[in-house]
Amino acid sequence: MGKDFGAILEQWEEQQAQAKKVQKGNQKSHKKANAPTKEEKEAMQQGYSYEQQMQADNACCANPLEVWLNRYGTVDKDKIADEAREDALLHNPEYLKQLRSEATLDLHGLTRDDAWQRLGSFIDDCERRGFRKVTIIHGKGNHSHGTDPVLGPMVKLFIEQDKRLGRSGHPDRNNGGTGATWVLFK
């Protein structure tokens, strides 16, 4: 017996260690192949599947295109062109004269104070309705007491003081001439 007991014991321990390594390498998981993960189990406890949770999470993420559009907006080139065309027409005196009046107020027979009050409520109402052009009939002052007409200059002063009103003028002779005034809203 040439080997001592200590060497035999060391050899046996090495064999046992190698056997454990081989056994660990061949060891299989006891977990089922399609078993739910911890997150999936939590989702099931709350009443929905993990796939539904993933879809909900994906849906809440912002679409980059929508983010960009919300930040920078869109440009409607047709609308800009239409507005430019309309603006050019509103600076054309002939077009303004031919533009049909959407409402008319007749101030004949009223005193200056009554006419001012009636004109104020008329303009308020027309603005609320979204009108663009109105006509005010004030007469030429032929029936005014004294030498100067009263209502014509009062209408002119009202138009100058009201910031909602813009360009104004007199229609042709067939539609009142200097006895009426048309006015555009800004």
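Not measured: the values here are computed from a predicted model.
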Could you check if a side-chain atom of Thr181 sits within less than 4.5 angstrom of a side-chain atom of Ile159, using non-hydrogen atoms only? yes
Over all heavy atoms of both residues, which pair between Thr135 and Ser101 is shortest? Give the atoms and the distance, please. OG1-OG, 2.9 Å
Count the heavy atoms of every other residue, nucleotide or ligand shown that sit under 6.0 Å from CZ of Arg167, and state whether that count exceeds 12. yes
Begin with the C-alpha distance, continue with both residues' side-chain angles, and end with the deciding distance and a verdict on side-chain contact (heavy atoms from CB on, under 4.5 Å) for His138 and Asp106. CA-CA 6 Å; His138 45 75; Asp106 190 348; over 6 Å; no
Min side-chain heavy-atom separation Leu151-Ile136 under 4.5 Å: no
What closest approach, in Å, do Gly120 and Phe158 show between heavy atoms, and which atom pair accounts for it? CA-CZ, 3.7 Å
One pair to check against side-chain contact (heavy atoms from CB on, under 4.5 Å): Trp116 and Leu110. What are the steps and the verdict? CA-CA 9 Å; Trp116 187 276; Leu110 298 177; over 6 Å; no
Can you tell if the side chain of Leu119 reaches within under 4.5 Å of the side chain of Leu105, non-hydrogen atoms only? yes
Do Met154 and Leu107 have side chains that get closer than 4.5 Å, going by heavy atoms? yes
Applying side-chain contact (heavy atoms from CB on, under 4.5 Å), run through Gln16 and Trp12 and close with a yes or a no. CA-CA 6 Å; Gln16 291 297 319; Trp12 184 79; 3.6 Å; yes
Going by salt bridge (Lys or Arg N to Asp or Glu O under 4.0 Å), name the residues that satisfy it together with Arg85, two or more places apart in sequence or in a different chain. Asp82
Answer yes or no: is there an ion pair linking Lys133 with Glu102, defined by an N-O contact shorter than 4.0 Å? no
Would you say Thr111 and Asp114 are linked by a side-chain donor-acceptor pair, where the criterion is simply a distance under 3.5 Å? yes
His170 side chain vs Ala180 backbone, donor-acceptor pair below 3.5 Å: yes
I would like to know whether Lys79 and Glu86 meet salt bridge (Lys or Arg N to Asp or Glu O under 4.0 Å); could you show each step before the answer? CA-CA 10 Å; Lys79 182 179 178 185; Glu86 185 176 325; over 6 Å; no
Taking the side chain as every heavy atom from C-beta outward, state whether Trp182 and Leu99 have any pair of such atoms under 4.5 Å apart. no
Apply side-chain contact (heavy atoms from CB on, under 4.5 Å) to residues Thr104 and Ile137 and explain how you reach the verdict. CA-CA 7 Å; Thr104 304; Ile137 300 171; 3.6 Å; yes
What I'd like to find out is whether the side chain of Asp124 reaches to under 4.5 Å of the side chain of Arg164, using heavy atoms alone. yes
Provide the full list of ring-ring contact (aromatic ring centres under 6.0 Å, His included) pairs with a residue in residues 118-137, sequence neighbours left out, each pair given once. none
Hydrophobic cluster membership, with links at side-chain heavy-atom distances under 4.5 Å among I/L/V/M/F/W/Y: are Tyr72 and Leu65 in one? yes
Checking Asn70 side chain against Glu66 main chain: does a donor-acceptor pair fall under 3.5 Å? yes
